[in-house]
Protein chains: 2
Amino acid sequence: MTSGLPGRLLDDIGPAIVTGKYPPGAVLRTEELERAFQVSRTVVREALRVLEAMRLVSSRRRVGITVLPRVDWNLYDPRVIRWRLDGSDRADQLRSLTELRSATEPVAAALAAARATPEQAGRLTELAVQLRSTTHDLDAFLVHDIAFHRLLLAASGNDMFCQLGDVVDAVLTGRTQHHLMPPRPKTEAVRLHVEVAEAVAAGDSARAEGAMRAIVTEVMEDLRK
Amino acid sequence: MTSGLPGRLLDDIGPAIVTGKYPPGAVLRTEELERAFQVSRTVVREALRVLEAMRLVSSRRRVGITVLPRVDWNLYDPRVIRWRLDGSDRADQLRSLTELRSATEPVAAALAAARATPEQAGRLTELAVQLRSTTHDLDAFLVHDIAFHRLLLAASGNDMFCQLGDVVDAVLTGRTQHHLMPPRPKTEAVRLHVEVAEAVAAGDSARAEGAMRAIVTEVMEDLRK
DNA sequence: CTCTTGAATAAGTACTACCTTTGAGCTTCA
DNA sequence: TGAAGCTCAAAGGTAGTACTTATTCAAGAG
(Lines give C-alpha, C1' and ligand atoms only; values in the text may rest on other atoms or scores of the structure.)
Protein backbone atom coordinates (compact mmCIF):
# COMPACT_ATOMS: atom_id res chain seq x y z
CA MET A 1 0.00 0.00 0.00
CA THR A 2 2.33 2.72 1.21
CA SER A 3 5.17 3.32 -1.20
CA GLY A 4 8.08 4.68 0.84
CA LEU A 5 10.24 2.64 3.16
CA PRO A 6 9.29 4.55 6.31
CA GLY A 7 5.66 3.93 5.42
CA ARG A 8 6.24 0.23 5.06
CA LEU A 9 8.09 0.07 8.34
CA LEU A 10 5.16 1.86 9.91
CA ASP A 11 2.73 -0.67 8.52
CA ASP A 12 4.78 -3.40 10.15
CA ILE A 13 5.41 -1.85 13.53
CA GLY A 14 2.14 0.05 14.01
CA PRO A 15 -0.16 -2.96 13.82
CA ALA A 16 2.27 -4.95 15.95
CA ILE A 17 1.97 -2.37 18.71
CA VAL A 18 -1.77 -1.93 18.38
CA THR A 19 -2.46 -5.65 18.53
CA GLY A 20 -0.27 -6.00 21.59
CA LYS A 21 2.56 -7.91 19.92
CA TYR A 22 4.80 -5.21 21.31
CA PRO A 23 3.06 -4.64 24.67
CA PRO A 24 3.15 -1.30 26.51
CA GLY A 25 6.48 -0.85 28.21
CA ALA A 26 8.31 -2.90 25.60
CA VAL A 27 11.49 -1.26 24.37
CA LEU A 28 12.65 -1.12 20.77
CA ARG A 29 16.03 0.16 19.72
CA THR A 30 16.76 1.89 16.46
CA GLU A 31 19.74 -0.31 15.77
CA GLU A 32 17.69 -3.47 16.22
CA LEU A 33 15.01 -2.22 13.89
CA GLU A 34 17.67 -1.25 11.34
CA ARG A 35 18.92 -4.79 11.28
CA ALA A 36 15.54 -6.47 11.59
CA PHE A 37 14.10 -4.61 8.62
CA GLN A 38 17.32 -4.04 6.68
CA VAL A 39 16.88 -0.32 6.34
CA SER A 40 19.02 2.67 7.22
CA ARG A 41 18.77 4.67 10.36
CA THR A 42 17.09 7.59 8.58
CA VAL A 43 14.19 5.38 7.59
CA VAL A 44 13.79 3.93 11.05
CA ARG A 45 13.81 7.35 12.63
CA GLU A 46 11.26 8.79 10.24
CA ALA A 47 8.90 5.90 10.94
CA LEU A 48 9.52 6.31 14.63
CA ARG A 49 8.74 9.99 14.54
CA VAL A 50 5.36 9.18 13.05
CA LEU A 51 4.66 6.55 15.68
CA GLU A 52 5.64 9.14 18.24
CA ALA A 53 3.21 11.63 16.71
CA MET A 54 0.49 8.99 17.08
CA ARG A 55 1.63 8.64 20.70
CA LEU A 56 2.12 4.93 20.27
CA VAL A 57 5.73 5.18 21.41
CA SER A 58 7.98 7.60 23.19
CA SER A 59 11.66 7.91 22.48
CA ARG A 60 14.13 8.62 25.26
CA ARG A 61 17.86 8.84 25.27
CA ARG A 62 19.82 6.10 26.85
CA VAL A 63 16.62 4.06 27.11
CA GLY A 64 15.26 3.43 23.65
CA ILE A 65 11.82 3.60 22.12
CA THR A 66 9.20 2.65 24.67
CA VAL A 67 5.75 1.45 23.69
CA LEU A 68 3.21 3.65 25.47
CA PRO A 69 0.11 2.37 27.28
CA ARG A 70 -3.13 2.46 25.36
CA VAL A 71 -4.51 5.51 27.16
CA ASP A 72 -1.87 7.63 25.46
CA TRP A 73 -2.62 6.52 21.91
CA ASN A 74 -4.18 8.92 19.43
CA LEU A 75 -7.21 6.75 18.88
CA TYR A 76 -8.65 9.15 16.32
CA ASP A 77 -5.75 8.77 13.92
CA PRO A 78 -7.21 7.02 10.87
CA ARG A 79 -4.33 4.58 10.75
CA VAL A 80 -4.72 3.63 14.39
CA ILE A 81 -8.42 3.08 13.81
CA ARG A 82 -7.69 0.88 10.81
CA TRP A 83 -5.02 -1.11 12.61
CA ARG A 84 -7.27 -1.72 15.57
CA LEU A 85 -10.11 -2.83 13.35
CA ASP A 86 -7.82 -5.24 11.52
CA GLY A 87 -6.43 -6.51 14.77
CA SER A 88 -7.66 -8.75 17.50
CA ASP A 89 -10.01 -6.49 19.42
CA ARG A 90 -12.11 -5.81 16.36
CA ALA A 91 -15.41 -6.42 18.12
CA ASP A 92 -14.50 -4.16 21.01
CA GLN A 93 -13.35 -1.44 18.68
CA LEU A 94 -16.48 -1.71 16.59
CA ARG A 95 -18.53 -1.21 19.73
CA SER A 96 -16.58 1.89 20.74
CA LEU A 97 -16.94 3.42 17.32
CA THR A 98 -20.61 2.60 17.12
CA GLU A 99 -21.19 4.31 20.46
CA LEU A 100 -19.34 7.32 19.14
CA ARG A 101 -21.57 7.32 16.09
CA SER A 102 -24.68 7.02 18.21
CA ALA A 103 -23.62 10.12 20.10
CA THR A 104 -22.58 12.33 17.24
CA GLU A 105 -24.89 11.56 14.34
CA PRO A 106 -28.14 12.74 15.91
CA VAL A 107 -26.61 16.09 16.83
CA ALA A 108 -25.02 16.32 13.40
CA ALA A 109 -28.45 15.73 11.88
CA ALA A 110 -29.93 18.53 13.95
CA LEU A 111 -27.18 20.90 12.86
CA ALA A 112 -27.52 19.81 9.25
CA ALA A 113 -31.22 20.70 9.35
CA ALA A 114 -30.20 24.19 10.37
CA ARG A 115 -27.24 24.62 8.05
CA ALA A 116 -27.40 22.33 5.01
CA THR A 117 -27.40 24.05 1.63
CA PRO A 118 -30.32 23.28 -0.69
CA GLU A 119 -27.95 21.23 -2.87
CA GLN A 120 -26.87 19.13 0.11
CA ALA A 121 -30.45 18.61 1.21
CA GLY A 122 -31.45 17.58 -2.30
CA ARG A 123 -28.59 15.15 -2.65
CA LEU A 124 -29.41 13.70 0.75
CA THR A 125 -32.96 12.98 -0.36
CA GLU A 126 -31.66 11.38 -3.55
CA LEU A 127 -29.41 9.09 -1.55
CA ALA A 128 -32.26 8.14 0.77
CA VAL A 129 -34.35 7.17 -2.24
CA GLN A 130 -31.49 5.16 -3.69
CA LEU A 131 -31.19 3.39 -0.35
CA ARG A 132 -34.80 2.33 -0.60
CA SER A 133 -34.30 0.95 -4.09
CA THR A 134 -31.22 -1.11 -3.30
CA THR A 135 -32.34 -3.11 -0.26
CA HIS A 136 -31.89 -6.26 -2.34
CA ASP A 137 -28.19 -5.64 -3.03
CA LEU A 138 -26.16 -5.33 0.17
CA ASP A 139 -23.05 -3.98 -1.56
CA ALA A 140 -24.85 -1.23 -3.40
CA PHE A 141 -26.81 -0.48 -0.25
CA LEU A 142 -23.59 -0.08 1.71
CA VAL A 143 -22.20 2.41 -0.80
CA HIS A 144 -25.28 4.59 -0.59
CA ASP A 145 -25.53 4.24 3.16
CA ILE A 146 -21.96 5.46 3.61
CA ALA A 147 -22.51 8.33 1.17
CA PHE A 148 -25.66 9.32 3.05
CA HIS A 149 -24.02 9.47 6.45
CA ARG A 150 -20.88 11.16 5.15
CA LEU A 151 -22.92 13.84 3.46
CA LEU A 152 -25.02 14.38 6.54
CA LEU A 153 -21.91 14.87 8.66
CA ALA A 154 -20.49 17.28 6.09
CA ALA A 155 -23.77 19.19 5.97
CA SER A 156 -23.61 19.71 9.74
CA GLY A 157 -21.15 22.50 9.00
CA ASN A 158 -18.86 21.24 11.73
CA ASP A 159 -15.32 20.19 10.82
CA MET A 160 -15.07 17.77 13.67
CA PHE A 161 -18.24 15.91 12.74
CA CYS A 162 -17.29 15.92 9.10
CA GLN A 163 -14.05 14.16 9.89
CA LEU A 164 -15.95 11.36 11.58
CA GLY A 165 -17.08 10.33 8.12
CA ASP A 166 -14.14 7.95 8.03
CA VAL A 167 -15.26 6.39 11.28
CA VAL A 168 -18.76 5.84 9.97
CA ASP A 169 -17.29 4.39 6.81
CA ALA A 170 -15.17 1.99 8.83
CA VAL A 171 -18.08 0.95 11.05
CA LEU A 172 -20.54 0.39 8.24
CA THR A 173 -18.02 -1.44 6.09
CA GLY A 174 -16.82 -3.44 9.08
CA ARG A 175 -20.22 -4.66 10.17
CA THR A 176 -21.20 -5.74 6.66
CA GLN A 177 -17.91 -7.54 6.16
CA HIS A 178 -18.31 -9.41 9.41
CA HIS A 179 -21.95 -10.17 8.80
CA LEU A 180 -23.21 -8.20 11.75
CA MET A 181 -25.88 -6.80 9.48
CA PRO A 182 -29.25 -8.40 8.88
CA PRO A 183 -29.22 -10.06 5.43
CA ARG A 184 -31.69 -7.46 4.26
CA PRO A 185 -31.79 -3.90 5.57
CA LYS A 186 -34.88 -3.34 7.66
CA THR A 187 -37.58 -1.33 5.97
CA GLU A 188 -38.01 0.68 9.17
CA ALA A 189 -34.37 1.77 9.04
CA VAL A 190 -34.74 2.82 5.42
CA ARG A 191 -37.88 4.80 6.25
CA LEU A 192 -36.00 6.61 8.99
CA HIS A 193 -33.26 7.61 6.56
CA VAL A 194 -35.88 9.13 4.31
CA GLU A 195 -37.34 10.93 7.29
CA VAL A 196 -33.94 12.37 8.21
CA ALA A 197 -33.51 13.65 4.66
CA GLU A 198 -36.98 15.19 4.67
CA ALA A 199 -36.46 16.85 8.03
CA VAL A 200 -33.11 18.28 6.92
CA ALA A 201 -34.69 19.61 3.74
CA ALA A 202 -37.48 21.15 5.81
CA GLY A 203 -35.04 22.65 8.28
CA ASP A 204 -36.68 20.72 11.12
CA SER A 205 -33.81 20.09 13.56
CA ALA A 206 -35.83 18.29 16.19
CA ARG A 207 -37.32 15.82 13.72
CA ALA A 208 -33.97 15.19 12.01
CA GLU A 209 -32.34 14.54 15.37
CA GLY A 210 -35.16 12.28 16.49
CA ALA A 211 -35.14 10.17 13.35
CA MET A 212 -31.37 9.82 13.43
CA ARG A 213 -31.49 8.89 17.08
CA ALA A 214 -33.97 6.16 16.21
CA ILE A 215 -31.54 4.86 13.58
CA VAL A 216 -28.56 4.69 15.88
CA THR A 217 -30.42 3.19 18.84
CA GLU A 218 -31.56 0.45 16.51
CA VAL A 219 -27.97 -0.08 15.42
CA MET A 220 -26.84 -0.23 19.03
CA GLU A 221 -29.45 -2.84 19.84
CA ASP A 222 -28.43 -4.96 16.87
CA LEU A 223 -24.87 -4.80 18.11
CA ARG A 224 -25.73 -5.99 21.61
CA LYS A 225 -26.64 -9.38 20.20
CA MET B 1 8.46 23.45 24.84
CA THR B 2 9.50 20.59 22.59
CA SER B 3 13.16 19.69 23.04
CA GLY B 4 14.37 18.21 19.75
CA LEU B 5 15.00 20.17 16.60
CA PRO B 6 12.33 18.41 14.52
CA GLY B 7 9.84 19.25 17.24
CA ARG B 8 10.75 22.88 17.17
CA LEU B 9 10.51 23.01 13.40
CA LEU B 10 7.09 21.46 13.72
CA ASP B 11 6.01 24.12 16.18
CA ASP B 12 7.01 26.72 13.63
CA ILE B 13 5.57 25.21 10.47
CA GLY B 14 2.46 23.55 11.91
CA PRO B 15 0.84 26.71 13.26
CA ALA B 16 1.84 28.57 10.09
CA ILE B 17 -0.11 26.08 8.02
CA VAL B 18 -3.07 25.89 10.37
CA THR B 19 -3.45 29.65 10.53
CA GLY B 20 -3.27 29.91 6.76
CA LYS B 21 0.12 31.57 6.55
CA TYR B 22 1.03 28.74 4.21
CA PRO B 23 -2.29 28.37 2.38
CA PRO B 24 -3.46 25.07 0.87
CA GLY B 25 -1.67 24.42 -2.38
CA ALA B 26 1.45 26.27 -1.27
CA VAL B 27 4.64 24.39 -1.96
CA LEU B 28 7.56 24.10 0.42
CA ARG B 29 10.86 22.58 -0.52
CA THR B 30 13.15 20.77 1.88
CA GLU B 31 16.17 22.76 0.77
CA GLU B 32 14.41 26.05 1.43
CA LEU B 33 13.36 24.95 4.89
CA GLU B 34 16.91 23.79 5.60
CA ARG B 35 18.21 27.25 4.88
CA ALA B 36 15.31 29.14 6.43
CA PHE B 37 15.61 27.34 9.76
CA GLN B 38 19.32 26.54 9.63
CA VAL B 39 18.92 22.83 10.22
CA SER B 40 20.02 19.74 8.38
CA ARG B 41 17.95 17.78 5.93
CA THR B 42 17.44 14.96 8.42
CA VAL B 43 15.66 17.30 10.77
CA VAL B 44 13.49 18.82 8.07
CA ARG B 45 12.45 15.43 6.78
CA GLU B 46 11.53 14.12 10.20
CA ALA B 47 9.37 17.16 10.86
CA LEU B 48 7.81 16.79 7.44
CA ARG B 49 6.95 13.18 8.05
CA VAL B 50 5.02 14.20 11.12
CA LEU B 51 3.17 16.93 9.25
CA GLU B 52 2.41 14.34 6.63
CA ALA B 53 1.03 12.00 9.30
CA MET B 54 -1.24 14.82 10.44
CA ARG B 55 -2.25 15.16 6.80
CA LEU B 56 -1.35 18.83 6.79
CA VAL B 57 1.02 18.34 3.86
CA SER B 58 1.73 15.80 1.19
CA SER B 59 5.19 15.24 -0.22
CA ARG B 60 5.69 14.32 -3.86
CA ARG B 61 8.84 13.85 -5.85
CA ARG B 62 9.80 16.43 -8.35
CA VAL B 63 7.12 18.72 -6.88
CA GLY B 64 7.88 19.42 -3.27
CA ILE B 65 5.83 19.49 -0.13
CA THR B 66 2.29 20.67 -0.84
CA VAL B 67 0.04 22.08 1.85
CA LEU B 68 -3.21 20.11 1.82
CA PRO B 69 -6.69 21.64 2.00
CA ARG B 70 -8.32 21.76 5.39
CA VAL B 71 -10.70 18.87 4.72
CA ASP B 72 -7.73 16.53 4.73
CA TRP B 73 -6.30 17.60 8.06
CA ASN B 74 -6.41 15.28 11.06
CA LEU B 75 -8.48 17.63 13.15
CA TYR B 76 -8.44 15.30 16.14
CA ASP B 77 -4.68 15.43 16.52
CA PRO B 78 -4.11 17.22 19.83
CA ARG B 79 -1.47 19.44 18.28
CA VAL B 80 -3.72 20.49 15.44
CA ILE B 81 -6.44 21.29 17.97
CA ARG B 82 -4.04 23.36 20.02
CA TRP B 83 -2.65 25.20 17.00
CA ARG B 84 -6.12 26.03 15.75
CA LEU B 85 -7.17 27.29 19.16
CA ASP B 86 -4.10 29.49 19.37
CA GLY B 87 -4.64 30.74 15.85
CA SER B 88 -7.03 33.11 14.21
CA ASP B 89 -10.19 31.03 13.97
CA ARG B 90 -10.29 30.46 17.69
CA ALA B 91 -13.97 31.33 18.03
CA ASP B 92 -14.97 29.07 15.17
CA GLN B 93 -12.91 26.23 16.53
CA LEU B 94 -14.36 26.67 20.00
CA ARG B 95 -17.83 26.40 18.53
CA SER B 96 -16.97 23.19 16.66
CA LEU B 97 -15.50 21.61 19.75
CA THR B 98 -18.40 22.68 21.92
CA GLU B 99 -20.84 21.10 19.49
CA LEU B 100 -18.77 17.94 19.63
CA ARG B 101 -18.98 18.01 23.42
CA SER B 102 -22.69 18.58 23.34
CA ALA B 103 -23.07 15.47 21.24
CA THR B 104 -20.78 13.13 23.13
CA GLU B 105 -21.06 13.99 26.78
CA PRO B 106 -24.72 13.07 27.29
CA VAL B 107 -24.18 9.65 25.75
CA ALA B 108 -20.98 9.25 27.75
CA ALA B 109 -22.98 10.04 30.89
CA ALA B 110 -25.53 7.39 30.04
CA LEU B 111 -22.82 4.81 29.48
CA ALA B 112 -21.04 5.85 32.66
CA ALA B 113 -24.23 5.23 34.63
CA ALA B 114 -24.19 1.69 33.30
CA ARG B 115 -20.48 1.01 33.62
CA ALA B 116 -18.80 3.22 36.21
CA THR B 117 -17.05 1.45 39.05
CA PRO B 118 -18.15 2.37 42.58
CA GLU B 119 -14.84 4.20 43.02
CA GLN B 120 -15.43 6.29 39.93
CA ALA B 121 -18.98 7.08 40.97
CA GLY B 122 -17.79 8.11 44.42
CA ARG B 123 -15.05 10.30 43.09
CA LEU B 124 -17.50 11.90 40.67
CA THR B 125 -19.79 12.84 43.54
CA GLU B 126 -16.84 14.27 45.46
CA LEU B 127 -15.92 16.44 42.50
CA ALA B 128 -19.49 17.65 42.12
CA VAL B 129 -19.51 18.70 45.75
CA GLN B 130 -16.20 20.47 45.36
CA LEU B 131 -17.66 22.29 42.36
CA ARG B 132 -20.46 23.58 44.53
CA SER B 133 -18.04 24.84 47.15
CA THR B 134 -15.75 26.72 44.73
CA THR B 135 -18.21 28.84 42.78
CA HIS B 136 -16.49 31.92 44.19
CA ASP B 137 -13.07 31.03 42.74
CA LEU B 138 -13.16 30.63 38.97
CA ASP B 139 -9.71 29.04 38.73
CA ALA B 140 -10.38 26.38 41.31
CA PHE B 141 -13.80 25.84 39.78
CA LEU B 142 -12.21 25.26 36.39
CA VAL B 143 -9.85 22.63 37.75
CA HIS B 144 -12.68 20.67 39.32
CA ASP B 145 -14.92 21.11 36.33
CA ILE B 146 -12.29 19.65 34.02
CA ALA B 147 -11.61 16.79 36.40
CA PHE B 148 -15.34 16.06 36.61
CA HIS B 149 -15.86 15.86 32.87
CA ARG B 150 -12.66 13.92 32.25
CA LEU B 151 -13.61 11.35 34.85
CA LEU B 152 -17.08 11.03 33.44
CA LEU B 153 -15.70 10.37 29.98
CA ALA B 154 -13.28 7.82 31.38
CA ALA B 155 -16.08 6.13 33.33
CA SER B 156 -18.04 5.68 30.12
CA GLY B 157 -15.80 2.71 29.42
CA ASN B 158 -15.30 3.87 25.87
CA ASP B 159 -11.79 4.63 24.65
CA MET B 160 -12.98 7.11 22.07
CA PHE B 161 -14.97 9.16 24.56
CA CYS B 162 -12.18 9.01 27.08
CA GLN B 163 -9.79 10.53 24.59
CA LEU B 164 -12.09 13.51 24.17
CA GLY B 165 -11.06 14.54 27.67
CA ASP B 166 -8.39 16.70 26.07
CA VAL B 167 -11.00 18.41 23.94
CA VAL B 168 -13.15 19.17 26.95
CA ASP B 169 -10.09 20.45 28.74
CA ALA B 170 -9.27 22.74 25.84
CA VAL B 171 -12.83 24.02 25.57
CA LEU B 172 -13.30 24.70 29.26
CA THR B 173 -9.89 26.30 29.62
CA GLY B 174 -10.40 28.28 26.43
CA ARG B 175 -13.74 29.74 27.35
CA THR B 176 -12.57 30.83 30.80
CA GLN B 177 -9.44 32.38 29.35
CA HIS B 178 -11.43 34.32 26.82
CA HIS B 179 -14.07 35.34 29.32
CA LEU B 180 -16.88 33.50 27.59
CA MET B 181 -17.93 32.24 31.01
CA PRO B 182 -20.32 34.06 33.32
CA PRO B 183 -18.29 35.67 36.13
CA ARG B 184 -19.89 33.23 38.55
CA PRO B 185 -20.90 29.71 37.58
CA LYS B 186 -24.68 29.42 37.54
CA THR B 187 -26.13 27.55 40.49
CA GLU B 188 -28.38 25.65 38.11
CA ALA B 189 -25.36 24.31 36.23
CA VAL B 190 -23.76 23.20 39.47
CA ARG B 191 -26.96 21.49 40.56
CA LEU B 192 -27.03 19.59 37.28
CA HIS B 193 -23.47 18.37 37.81
CA VAL B 194 -24.54 16.98 41.16
CA GLU B 195 -27.50 15.35 39.51
CA VAL B 196 -25.28 13.70 36.91
CA ALA B 197 -23.07 12.32 39.65
CA GLU B 198 -26.07 11.01 41.61
CA ALA B 199 -27.58 9.41 38.54
CA VAL B 200 -24.29 7.71 37.66
CA ALA B 201 -23.97 6.43 41.22
CA ALA B 202 -27.54 5.14 41.05
CA GLY B 203 -26.97 3.53 37.67
CA ASP B 204 -29.75 5.62 36.16
CA SER B 205 -28.66 6.11 32.55
CA ALA B 206 -31.66 8.10 31.41
CA ARG B 207 -31.36 10.62 34.23
CA ALA B 208 -27.61 10.97 33.81
CA GLU B 209 -28.03 11.57 30.10
CA GLY B 210 -30.86 14.06 30.66
CA ALA B 211 -28.95 16.09 33.23
CA MET B 212 -25.83 16.18 31.08
CA ARG B 213 -27.88 17.18 28.09
CA ALA B 214 -29.27 20.06 30.10
CA ILE B 215 -25.72 21.14 30.95
CA VAL B 216 -24.50 21.13 27.38
CA THR B 217 -27.55 22.81 25.89
CA GLU B 218 -27.03 25.58 28.41
CA VAL B 219 -23.40 25.84 27.32
CA MET B 220 -24.44 25.98 23.68
CA GLU B 221 -26.87 28.77 24.39
CA ASP B 222 -24.26 30.76 26.26
CA LEU B 223 -21.98 30.38 23.27
CA ARG B 224 -24.55 31.67 20.82
CA LYS B 225 -24.33 35.11 22.43
C1' DC C 1 25.60 2.75 56.27
C1' DT C 2 23.64 6.39 53.56
C1' DC C 3 24.26 10.10 50.53
C1' DT C 4 26.69 12.67 47.18
C1' DT C 5 29.78 13.00 43.31
C1' DG C 6 31.58 11.93 39.14
C1' DA C 7 33.21 8.92 35.44
C1' DA C 8 31.82 5.38 32.02
C1' DT C 9 28.73 4.36 28.63
C1' DA C 10 24.71 3.37 25.82
C1' DA C 11 21.37 5.11 22.99
C1' DG C 12 19.06 8.78 20.72
C1' DT C 13 20.19 13.23 18.11
C1' DA C 14 22.20 15.72 14.46
C1' DC C 15 25.20 16.82 10.38
C1' DT C 16 27.35 15.77 5.89
C1' DA C 17 28.28 13.77 1.58
C1' DC C 18 26.85 10.95 -1.91
C1' DC C 19 23.90 8.01 -4.70
C1' DT C 20 19.09 6.46 -6.59
C1' DT C 21 14.42 7.06 -8.18
C1' DT C 22 10.60 9.32 -9.90
C1' DG C 23 7.68 12.13 -12.46
C1' DA C 24 6.58 17.00 -14.65
C1' DG C 25 7.47 19.24 -18.53
C1' DC C 26 9.81 19.84 -22.73
C1' DT C 27 11.34 17.94 -27.17
C1' DT C 28 11.24 15.22 -30.98
C1' DC C 29 9.50 12.81 -34.65
C1' DA C 30 6.01 10.07 -37.08
C1' DT D 1 -1.29 16.62 -33.42
C1' DG D 2 -0.08 13.45 -30.34
C1' DA D 3 2.55 9.77 -28.60
C1' DA D 4 7.20 8.37 -27.31
C1' DG D 5 11.19 9.55 -25.13
C1' DC D 6 14.54 12.65 -22.83
C1' DT D 7 16.00 15.73 -19.04
C1' DC D 8 16.70 17.17 -14.67
C1' DA D 9 14.91 18.95 -10.28
C1' DA D 10 13.45 17.43 -6.06
C1' DA D 11 12.37 13.82 -2.91
C1' DG D 12 13.97 9.20 -1.28
C1' DG D 13 17.50 6.49 0.72
C1' DT D 14 22.38 4.98 2.53
C1' DA D 15 26.70 5.41 5.21
C1' DG D 16 29.74 7.29 8.26
C1' DT D 17 30.88 10.45 11.90
C1' DA D 18 30.46 13.34 15.77
C1' DC D 19 27.49 15.30 19.77
C1' DT D 20 24.64 15.10 23.63
C1' DT D 21 22.50 13.31 27.68
C1' DA D 22 20.49 10.20 30.85
C1' DT D 23 21.35 6.26 33.31
C1' DT D 24 24.17 3.46 36.04
C1' DC D 25 27.33 2.31 39.18
C1' DA D 26 31.31 2.73 41.94
C1' DA D 27 34.21 5.48 44.86
C1' DG D 28 34.59 8.59 48.48
C1' DA D 29 32.76 11.71 52.05
C1' DG D 30 30.08 12.41 56.06
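Chain naming here is simple, since letters A, B, ... match the order of the sequence lines and numbering starts at 1 in each.
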B:Leu142 versus B:Thr173, closest heavy-atom pair with distance:
CD1-N, 4.0 Å
Distance-only, no hydrogens or angles: does the A:Arg115 side chain make a donor-acceptor pair with backbone N or O of A:Ser156 under 3.5 Å?
yes
B:Arg55, CZ: over 12 other non-hydrogen atoms inside 6.0 angstrom:
no
Take atom CD of B:Glu31 as the centre, draw a 6.0 Å sphere, and report whether it contains more than 12 heavy atoms from other residues, nucleotides or ligands.
no
Check the distance between D:dT21's P and A:Arg61's CZ and give it to me in whole angstrom.
6 Å
Return the residues of residues 35-58 of chain A meeting this criterion: a heavy atom under 4.0 Å from some atom of DNA chain D. Order them by number, or give none.
A:Ser40, A:Arg41, A:Thr42, A:Val43
Quick one: do B:Arg150 and B:Asp166 make a salt bridge, cutoff under 4.0 Å?
yes
Whole-Å distance, A:Glu34 CD to D:dT14 P, equals 10 Å
Just checking B:His149 against B:His193, ring centres under 6.0 Å apart?
yes
Assert: residue with more 5' nearest nucleotide on DNA chain D, out of A:Val63 and A:Gly4, is A:Gly4
Reading DNA chain C from 5' to 3', where do the contacts with chain A start and stop? Cut-off is 4.0 Å to heavy atoms.
C:dT9 to C:dA14
Are B:Asp11 and B:Thr2 close enough that a side-chain donor and a side-chain acceptor fall under 3.5 Å?
yes
How close or far is atom P of D:dG13 from atom CG of A:Leu5, stated in whole angstroms?
4 Å
Name of the residue among B:Leu75, B:Thr19, B:Leu94 meeting side chain to side chain contact (heavy atoms under 4.5 Å, CB included) with B:Arg84
B:Leu75
